[in-house]
Amino acid sequence: MFKMAALSMKRMVSKGCKSSVSSLLSPIFQSSKGVKHAPHSFGKDFSTVNKTGKRSVGILGVPINRGQTNPGVLYGPAAIREGDLIKRIKGQWHEIHDHGDLGFDYVPEDDCADQPLVKNSHSLGRALQKVSSSVQTIVSAGEVCIVVGGDHSLSTGSIHGHSLAEPDICLLWIDAHADINLPMTSPSGNMHGMVLSFCVKELREYMPQIPGLEWLKPTISAKNIAFIGLRDLDAGEKYIIDQLNMTAYSIHDVDKHGLPEVLARSMDAINPRGNRPIHLSFDVDSLDPSVTPSTGTRVAGGLTFREGMYIVEEVANTGMMSAMDLVEVNPTIGTQADKERTIDCAIRLVGGALGKKREGEYPQNYQLPTVEEFLKDKKPAILK
């Protein structure tokens, strides 16, 4: 019933029936503007390059694990680095700047007996403020910011910082989970399931004061967010998505319409003119557990590896991605083979988002060698 209602809303929006949509929404959640749809084109050149003609990329490790209960996700950034992240994503169009891993302090207030609405809120408040400041600095310097986690709670900080640097961002959320619970609707109290409720402007009046997170103000509207790959939502999340008429495609929608169509519709909804900075938040649990087994909240029936790569490659083709979160890699879960498979996939996703082509590529000034040039280069080897 909810899916049919949501589908009806989307059809009416696409036909311009703004008043009909508004009449279906709760007055509290009514939006003043309808969602605009326009043809979306991929294939633009990168929008920011440095004096050498290469695009600058900033890598930021965020080893944070207090947004959920699997401590091993803390080691995600180190494990991904050890998988030769920098070497493997470096391409002819990039200059890589490694900003290292952020360090976070222990906050004893989180050990109090009375459990707050958000677990570890003091520690997370300080950590996310640090993430926000770092991302803002990197993006403001003209670098594409790649944030390597760490659990998904870090995205509250990265989205906040990105919005401060580029206020007109849109957000593409690739995840099995919506992570838009309010503290009052969360079954667990874990921050990694409430990420977007702290970011969305329309939810501000429902947000209680959370110790340690008082500084955090929402910076993005619901209409500028699109979900792909959803397959495990809590009741509160589903209600919020439906009432705010958010662009959300479940794995069922992917099966029904195909990923290219789902991605095109998503981008048309949040970036209709193709000129807005894109924040890509990619949780590896969006993929099927057979693809990324070393993650903490696995849900069967996810996106395939090829579908994940298609998403990041098409986002790269827009030339508008200016920040990406790659989260929830937990190298302590599963076998050594599971760990290696997950890390390899994570690095390939980052590379694809930065424009690395699976079909191969060659330098801009590449020319085929002549026979003479080939023999000249190979002569010592031939003589041997």
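All residue numbers in this chain count up from 1 along the given sequence. Side chains included, hydrogens not; waters and symmetry mates left out as well; all remaining heavy atoms used.
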Are [X] and [Y] packed together at the side-chain level, in the sense that at least one heavy-atom pair is separated by less than 4.5 angstrom?
X      : Y      : value
Ile146 : Leu326 : no
Val62  : Pro77  : no
Val118 : Phe198 : yes

Side-chain ion pair, [X] and [Y], N-O less than 4.0 Å:
X      : Y      : value
Lys376 : Glu372 : no
Asp234 : Lys238 : no
Arg88  : Asp344 : yes
Arg358 : Glu313 : yes
Asp338 : Arg341 : yes

Working to the nearest 0.5 Å, report the span between [atom1] of [X] and [atom2] of [Y].
X      : Y      : atom1 : atom2 : result
Ile169 : Ile159 : CD1   : CD1   : 6.5 Å
Ile220 : Leu196 : CD1   : CG    : 8.0 Å
Glu307 : Ile174 : CD    : CD1   : 11.0 Å

Give a yes or no on whether [X] and [Y] share a hydrophobic cluster (residues Ile, Leu, Val, Met, Phe, Trp, Tyr; joining criterion: side-chain heavy atoms under 4.5 Å apart).
X      : Y      : answer
Tyr249 : Tyr310 : yes
Leu203 : Phe227 : yes
Met309 : Ile228 : yes

Angle between ring planes, His152 versus Trp173, binned at 30° and 60°: parallel, tilted or perpendicular?
parallel
Side chains of [X] and [Y]: is there a donor and an acceptor less than 3.5 Å apart?
X      : Y      : answer
Asp283 : Ser286 : no
Asn224 : Lys201 : no
Thr342 : Thr292 : no
His279 : Glu166 : no
Ser158 : Asp325 : yes
Ser134 : His99  : no
Glu328 : His192 : yes

Is the number of heavy atoms from other residues, nucleotides or ligands within 6.0 Å of [atom1] ([X]) greater than 12?
X      : atom1 : answer
Gln367 : CD    : no
Tyr75  : OH    : no
Arg231 : CZ    : yes

Name all pairs fulfilling the salt bridge (charged side-chain N to carboxylate O under 4.0 Å, His left out) condition that reach into residues 71-82, sequence neighbours left out, sorted by first residue then second.
Arg81-Asp98, Arg81-Asp101
What residues, two or more places apart in sequence or in another chain, satisfy side chain to side chain donor-acceptor pair (under 3.5 Å) together with Thr297?
Asp285
When every non-hydrogen atom of Asp179 is compared with those of Asp175, the smallest separation belongs to OD2-OD2, 3.0 Å
Between Glu261, Arg265, Met267, which is the residue that forms a side-chain contact (heavy atoms from CB on, under 4.5 Å) with Leu263?
Met267
Side-chain donor/acceptor of Ser132 to backbone N/O of Leu128, under 3.5 Å:
no
